[in-house]
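In listed order, ligands and their atoms are each counted from 1.
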Amino acid sequence: MNKKFYITTPIYYPSANFHIGHCYTTIAADAIARFKRLEGFDVFFQTGTDEHGAKIAQKAAEAGVTPKEYVDKIIENAKDLWKSLDISYDYFIRTTDEQHIKGVQAIFKKLYDQGDIYKGEYKGLYCVPCESFWTNSQLVDGKCPDCGREVKEVTEEAYFFRLSKYQDKLIEIYDKNPNFILPITRKNELVNNFIKPGLEDLCVSRTSVKWGIPVDFDPKHVVYVWIDALSNYITSLGYPDENAELFKKYWPADIHLVGKEITRFHAIIWPALLMALGIDTPKQVFGHGWLIINGGKISKSLGNYKDPREYIDAYGIDAVRYFVLREVPFGADGTFSEEALINRTNADLVNNLGNLFNRTVSMAHKYFSGLVENKEVLEDYDNSLIDSVNNLDKVLNEKMDGLKINEALDELFDVFRKCNKYIDEATPWVLAKDETKQDRLETVLFNLLESIRVATVYLQAYLPDTAKKIFEVLNTDKTTYENNTFNKDNKYNLNEPIHLFDRIEVK
Ligand code: ME8
């Protein structure tokens with residue numbers, strides 16, 4: 001097999017524990033990764049943490065611990081969160097990993113040696129107590145936005161990356177690959193606001209920041225933010241060793257999934273750095289929208305959020321996964337509220353899927369002791385259900401290729417809705433009373449079970465825990481994507497019915 005697929009999330013700042021916004025990107029990446037694995041791709045799904053910088057050093061100092069001690073705790077918490085959300089990442093990179101540090105130093109040195117990085121002067125407004133540089137527009141009433149104290153203009157020696165040199169080459173990449181930046185609106189914003197006005201060279205080192213990767217040939221400098229952070233996507237694969245097995249196998253990335261606010265770093269700085277290094281650029285940067293809570297962006301610095309585990313404990317893993325994947329058109333901003341989560345769970349998971357599954361399995365037990373096979377006593381309307389089941393593969397592929405995850409889920413749940421409608425049409429409880437209709441009754445139940453089985457194969461990408469429970473009750477090993485069509489020759493020997501989801505009472 002040579003179909004590979006490399007997908008990444010941003011590496012998040014472990015300045016505080018993660019919130020539902022981080023879960024959003026990570027759950028979406030997980031669903032895409034799982035879908036690709038189902039399809040038979042050899043997937044590498046990477047997430048991780050971006051651990052350097054003045055902010056984290058300051059937080060650690062406030063907590064009275066070293067930066068490493070500070071981030072270690074948050075990362076333990078993050079890994080536990082990903083576990084409780086069934087996140088199937090293959091690799092968790094930390095920018096404090098030795099391999100990453102060495103890789104970043106080698107990248108910096110190579111770019112310097114070939115003249116793409118040069119030494120210059122960084123002029124900025126500096127807040128001494130906060131050890132932070134600000135731009136004029138970031139100041140609040142001319143003062144530091146963090147502490148409100150005076151800032152002063154300072155000049156410090158710094159290294160710069162010749163970003164401006166790559167302006168035309170970037171435009172060439174965008175023109176050649178219409179799917180390089182998606183959704184398309186983000187590409188237009190980027191070209192108009194950043195590329196057209198002209199790119200400036202980028203400051204890539206600091207002497208005022210201590211918690212970072214030292215420039216090995218000039219150790220009073222640390223590598224500043226974006227080279228350190230962005231390089232994670234290749235150092236994890238073994239770069240700068242271009243012959244490293246993982247690098248050869250998985251690079252270039254197929255999708256960098258990021259929030260909209262960092263799309264430009266991924267679509268401008270990152271490909272420029274890669275071109276300078278002489279290696280392939282990623283195939284796609286997808287900038288999704290923000291989850292909004294109480295009218296504003298969920299934010300670590302505002303602290304306006306709950307620990308996502310509270311939602312998982314209250315409503316279940318798959319209610320949370322389903323909500324974030326289904327509620328918001330992927331790409332756009334959307335609101336996260338518990339009320340909306342409850343409504344979605346009750347409508348789609350409890351009433352539609354849960355009810356369908358419980359009713360179908362219960363009837364199969366009541367009428368046939370759980371043993372069901374296809375008696376092929378068909379009515380015309382059966383075909384419309386079977387056709388939509390067989391069409392799922394094509395529809396879901398199209399939707400997932402465009403990362404229309406919410407629409408893919410809607411199509412999948414439409415099959416469950418059709419099954420419920422089919423029960424109303426076929427009225428198995430009426431058939432059950434007529435001895436001459438027993439074969440028709442069994443056919444109806446078979447059609448339902450087989451439709452649920454085929455749909456559940458895809459459901460594994462989105463709601464793996466629920467899919468597993470369904471397959472256990474169906475007592476089937478036909479759970480793989482290959483030849484996943486309605487198979488009239490399957491036979492069922494069902495386990496006892498279960499309630500997949502509990503109705504959530506609104507308080
Ligand atoms: O930016 N809605 O880290 P970060 C949707 N370390 N997504 C959200 C969100 C929200 N309200 N809040 C956060 C960084 N996210 C850098 C990245 S990558 C080389 C370096 C998600 O901790 C979204 O993916 O601030 C966003 O881009 C990311 O978390 C920002 O995480």
Just to be sure I'm reading this right: ignoring hydrogens, which of Val324, Ile11, Ile269 gets closest to atom 18 (S) of ligand 1? Compare them by their nearest heavy atoms. Ile11
Can you list everything that forms a side chain to side chain donor-acceptor pair (under 3.5 Å) with Thr345? Sequence neighbours excluded, please. none
Under the side-chain contact (heavy atoms from CB on, under 4.5 Å) test against Leu257, which residue among Thr8, Ile32, Thr9, Val285 passes? Ile32
Would you mind checking if Lys249 and Glu245 are paired as a salt bridge, meaning a charged N to carboxylate O distance below 4.0 Å? no
Would you say the side chain of Tyr174 lies within less than 4.5 Å of the side chain of Lys187, judging by non-hydrogen atoms? yes
Report, in ascending order of atom number, the atoms of ligand 1 lying under 4.0 Å from any heavy atom of Tyr24. 5 (C)
Check if Ser15 has a non-hydrogen atom at a distance under 4.0 Å from any atom of ligand 1. no
Hey, which atoms in ligand 1 end up nearer than 4.0 Å to a heavy atom of Ile262? 1 (O), 17 (C), 27 (O)
Test: Arg344 cationic atom under 6.0 Å from Phe323 six-membered ring centre, within 45° of axis: no
Given Glu261, His52, Glu51, which has its nearest heavy atom closest to atom 27 (O) of ligand 1? Glu261
Quick check against the 3.5 Å criterion: does Lys210 have a side-chain atom that pairs as donor or acceptor with the backbone of Thr207? yes
If we number the atoms of ligand 1 from 1 as shown, the ones under 4.0 Å from a heavy atom of Tyr12 are 3 (O), 22 (O), 28 (C), 29 (O), 31 (O)
Does one side chain, of Glu51 or Thr96, offer a donor that lies under 3.5 Å from an acceptor on the other? yes
Polar atom proximity, Val258 to ligand 1 (N or O, under 3.5 Å): no
Taking only heavy atoms of Gly289 into account, list the atoms of ligand 1 that are under 4.0 Å away from them. 5 (C)
Please classify the Phe265 to ligand 1 contact at 4.0 Å (heavy-atom distances, strictly less than): side chain, backbone, both or neither. neither
Residue-ligand contact Tyr233/ligand 1, heavy atom below 4.0 Å: yes
Could you list the residues that satisfy side chain to side chain donor-acceptor pair (under 3.5 Å) with Asp97, not counting sequence neighbours? none
Does the N or O separation between Asp50 and ligand 1 drop below 3.5 Å for any pair? yes
For ligand 1, which atoms sit closer than 4.0 Å to a heavy atom of His288? 5 (C), 7 (N), 24 (O)
N/O of Leu291 under 3.5 Å from N/O of ligand 1, yes or no? yes
Would one find an N or O of Tyr13, backbone or side chain, under 3.5 Å from an N or O of ligand 1? yes
Under 4.0 Å from ligand 1, counting heavy atoms only, is it the side chain of Lys260, its backbone, both or neither? neither
Using modelled atom types and a 3.5 Å cut-off, is there a donor and acceptor pairing between side-chain atoms of His100 and backbone atoms of Ala229? no
With atoms numbered from 1 as shown, which atoms in ligand 1 lie under 4.0 angstrom from a non-hydrogen atom of Ala229? 19 (C)
Go through the steps to decide whether Ile11 and Ile93 satisfy the test side-chain contact (heavy atoms from CB on, under 4.5 Å), and finish with yes or no. CA-CA 8 Å; Ile11 48 169; Ile93 185 161; 3.7 Å; yes
